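What you see below is based on every heavy atom in this structure, not just the backbone, and it leaves out hydrogens, waters and symmetry mates. Keep in mind that this is a model prediction, so the values were computed, not measured.
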Amino acid sequence: MRVVFAIAMLSLLAACASSSRVATKHEGVIRTDGEYVARVEAMARKRGIEVVWINPPKVRPDTVSD
């Protein structure tokens, strides 16, 4: 039973490590959607609400219109 638990924990740790590598690999490609964040925060300020972004909205370069 301990062996199964140890293998499961090692698999979990390996999955976490690989997902963090993927996130940093694309870090420069995806950025925060600043325009949307500014609009939401402006509306919230008018209503007396404080916004705390846990996962701010992202925009990909191929969706940005120049």
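Residues passing the side-chain contact (heavy atoms from CB on, under 4.5 Å) test with P56 are T32, W53, K58, sequence neighbours excluded.
Tracing side-chain contacts under 4.5 Å through hydrophobic residues (I, L, V, M, F, W, Y), one never reaches Y36 starting from V59; they form parts of separate clusters.
Atom CD of E41 has more than 12 neighbouring heavy atoms from other residues, nucleotides or ligands inside a 6.0 Å radius.
Cluster partners of I54, by chain and number: V52. The rule joins Ile, Leu, Val, Met, Phe, Trp and Tyr whenever side-chain heavy atoms lie under 4.5 Å apart.
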